[in-house]
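Written out below as structure tokens is the structure these notes cover.
Computed from a predicted structure; not experimentally measured.
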Amino acid sequence: MPVRAFLFDFDGLILDTETASRAGWQWLYRELGQELPPEKWALMVGTVDGWDIWGHLEGLVGPLDRASWNEKRYAHEVTLLEVEELRPGIADYLSFAEEHGVKRAIVSSASRRWIDMHLERLERAVGWDAIVTADHDPARAKPQPTLYLEALDELGVAAGEAVAFEDSPNGASAAKAAGVYVVGIPNAVTADLGLDESADLVLDSLADLEPRELVARLA
């Protein structure tokens with residue numbers, strides 16, 4: 001069957017928010033004289049409630065004013081994100097989809113508000129056929145296939161007619177469980193998390209494979 005839909009993860013895939021997010025939490029830990037454990041952080045990437053980070057931190061330093069500290073952490077993270085642009089190759093794939101009638105969707109464990117904020121800044125808020133988010137609901141978040149199944153239903157395409165682009169094992173596992181072919185594009189945070197074990201194809205950058213060539217391979 002032909003490729004009829006491109007399904008994009010958001011955090012770490014369309015925009016490298018993962019590096020800034022990790023840096024924000026590293027800043028918070030260091031402000032409190034601690035270090036963020038990288039192996040624990042990996043449990044949080046691409047999902048919701050993968051690890052109780054506040055519980056861990058308070059276990060080290062005692063009770064915290066979570067709201068106040070989180071506001072400071074978030075401000076630090078947003079400052080880093082202001083300079084981030086679309087990751088390499090994303091714009092080419094979006095343009096190809098528009099030119100060839102391939103549907104475009106975002107499938108993310110993040111919140112719709114978070115995604116809309118960044119799309120507005122990047123001037124990419126229009127042109128999506130679907131945006132499906134978990135909105136802090138761990139029962140719907142990746143690695144469960146729920147979000148991908150919802151996206152396929154909303155787009156009106158079969159799993160075999162879609163390609164998912166993911167940067168994390170949690171995301172790739174969700175897409176595979178929904179029956180979707182997965183192209184993995186790791187970033188600095190997810191490069192060592194074993195994405196090649198769950199994705200069908202792994203690229204250093206989406207810019208390394210033209211969309212026309214990918215579609216030709218799958219057709």
Practice problem: Taking atom CD of Glu71 as the centre, report whether more than 12 heavy atoms of other residues, nucleotides or ligands fall under 6.0 Å from it. | Solution: no
Quiz prompt | Pairs flagged by salt bridge (Lys or Arg N to Asp or Glu O under 4.0 Å) wherever residues 83-95 is involved - sequence neighbours left out | solution = none
Extract all donor-acceptor atom pairs below 3.5 Å that involve side chains of residues 204-219 and protein atoms in other chains or at least two apart in sequence.
residue : atom : partner : partner atom : Å
Ser205  : OG   : Ala207  : N            : 3.1
Asp208  : OD2  : Ser205  : N            : 3.3
Glu213  : OE2  : Arg217  : NH2          : 3.2

Taking distance alone, no hydrogens or angles, what donor-acceptor pairs closer than 3.5 Å link side-chain atoms of residues 35-42 to residues at least two apart or in another chain?
residue : atom : partner : partner atom : Å
Glu35   : OE1  : Arg30   : NE           : 3.3
Glu35   : OE1  : Arg30   : NH2          : 3.3
Glu35   : OE2  : Arg30   : NE           : 3.2

Quiz item: Applying salt bridge (Lys or Arg N to Asp or Glu O under 4.0 Å), which residue pairs with at least one partner in residues 178-190 are found, sequence neighbours left out?
Solution: none
Quiz item: If you look only at pairs with a residue in residues 94-111, which of them pass as a side-chain hydrogen bond (donor to acceptor under 3.5 Å, both in side chains), with sequence neighbours excluded?
Solution: none
Exercise. Could you list all the side-chain hydrogen bond (donor to acceptor under 3.5 Å, both in side chains) pairs where at least one residue sits in residues 55-68, not counting sequence neighbours?
Key: Tyr29-His56, Glu58-Arg66
In a table with atom names and distances, give each donor-acceptor pair under 3.5 Å that connects a side chain of residues 188-199 to protein atoms at least two apart or in another chain.
residue : atom : partner : partner atom : Å
Thr190  : OG1  : Asp167  : O            : 2.7
Thr190  : OG1  : Asn187  : N            : 2.9
Thr190  : OG1  : Asn187  : OD1          : 3.3
Ser198  : OG   : Leu195  : O            : 3.4

Quiz item: Is Leu32 close to Leu64 at the side-chain level, that is, under 4.5 Å between some pair of heavy atoms?
Solution: yes
Quiz item: Are Leu149 and Ile131 connected in the hydrophobic side-chain network, where two residues link if heavy atoms are under 4.5 Å apart?
Solution: no
Quiz prompt | Hydrophobic cluster of Leu152, others only, ordered by chain and residue number, side-chain cut-off 4.5 Å | solution = Leu7, Val107, Val132, Leu147, Tyr148, Leu155, Val157, Val180
Quiz item: When rounded to the nearest 0.5 angstrom, what distance separates CH2 in Trp114 from CG in Leu15?
Solution: 8.5 Å
Practice problem: Indicate, with yes or no, if Trp51 and Leu60 share a hydrophobic cluster defined by side-chain heavy-atom contacts under 4.5 Å among Ile, Leu, Val, Met, Phe, Trp and Tyr. | Solution: yes
Quiz prompt | Heavy-atom closest contact (Val202 atom, Pro186 atom, distance) | solution = CG1-CD, 3.9 Å
Self-check item: Approximate separation, where rounding is to 0.5 Å, of Arg113 CZ and His118 NE2
Solution: 11.5 Å
Quiz item: Linking I/L/V/M/F/W/Y whenever their side-chain heavy atoms sit closer than 4.5 Å, directly or via other members, would Leu203 and Val182 fall into one cluster?
Solution: no
Practice problem: Following the transitive rule for hydrophobic clusters with a side-chain heavy-atom cut-off under 4.5 Å over Ile, Leu, Val, Met, Phe, Trp and Tyr, establish whether Leu80 and Met117 coincide in one cluster. | Solution: no
Quiz item: Would you say Leu94 and Val3 are hydrophobically clustered, going by side-chain heavy atoms of ILVMFWY under 4.5 Å?
Solution: yes
Quiz item: Under the 3.5 angstrom rule, does the side chain of Ser21 hit a backbone N or O of Thr17 as a donor-acceptor pair?
Solution: no
Exercise. State which residues pass side chain to side chain donor-acceptor pair (under 3.5 Å) with Arg22; sequence neighbours excluded, sorted by chain then number.
Key: none
Exercise. Can you run down the ring pair (Phe, Tyr, Trp, His ring centres under 6.0 Å) pairs that involve residues 66-92, sequence neighbours left out, and say none if there aren't any?
Key: Trp27-His76
Exercise. Please test Ile106 against Leu119 for side-chain contact (heavy atoms from CB on, under 4.5 Å), starting from the C-alpha separation and ending with a verdict.
Key: CA-CA 11 Å; Ile106 291 174; Leu119 291 179; 3.9 Å; yes
Practice problem: Ignoring hydrogens and angles, tell me if any N or O in the side chain of Asp129 forms a donor-acceptor pair with the backbone of Ala105 under 3.5 Å. | Solution: no
Practice problem: Kindly state each residue pair satisfying salt bridge (Lys or Arg N to Asp or Glu O under 4.0 Å) with at least one member in residues 130-142, sequence neighbours excluded. | Solution: Asp9-Lys142, Arg140-Glu150, Lys142-Glu166
Practice problem: Compare every heavy atom of Pro145 with every heavy atom of Ala178, then report the nearest pair and how far apart it is. | Solution: N-CB, 3.9 Å
Quiz item: Can you list every pair that meets ring pair (Phe, Tyr, Trp, His ring centres under 6.0 Å) and has a residue in residues 162-195, with sequence neighbours left out?
Solution: Phe6-Phe165, Phe8-Phe165, Tyr93-Phe165
Quiz item: Tell me, do Asp11 and Val45 make a side-chain contact under 4.5 Å, heavy atoms counted?
Solution: no
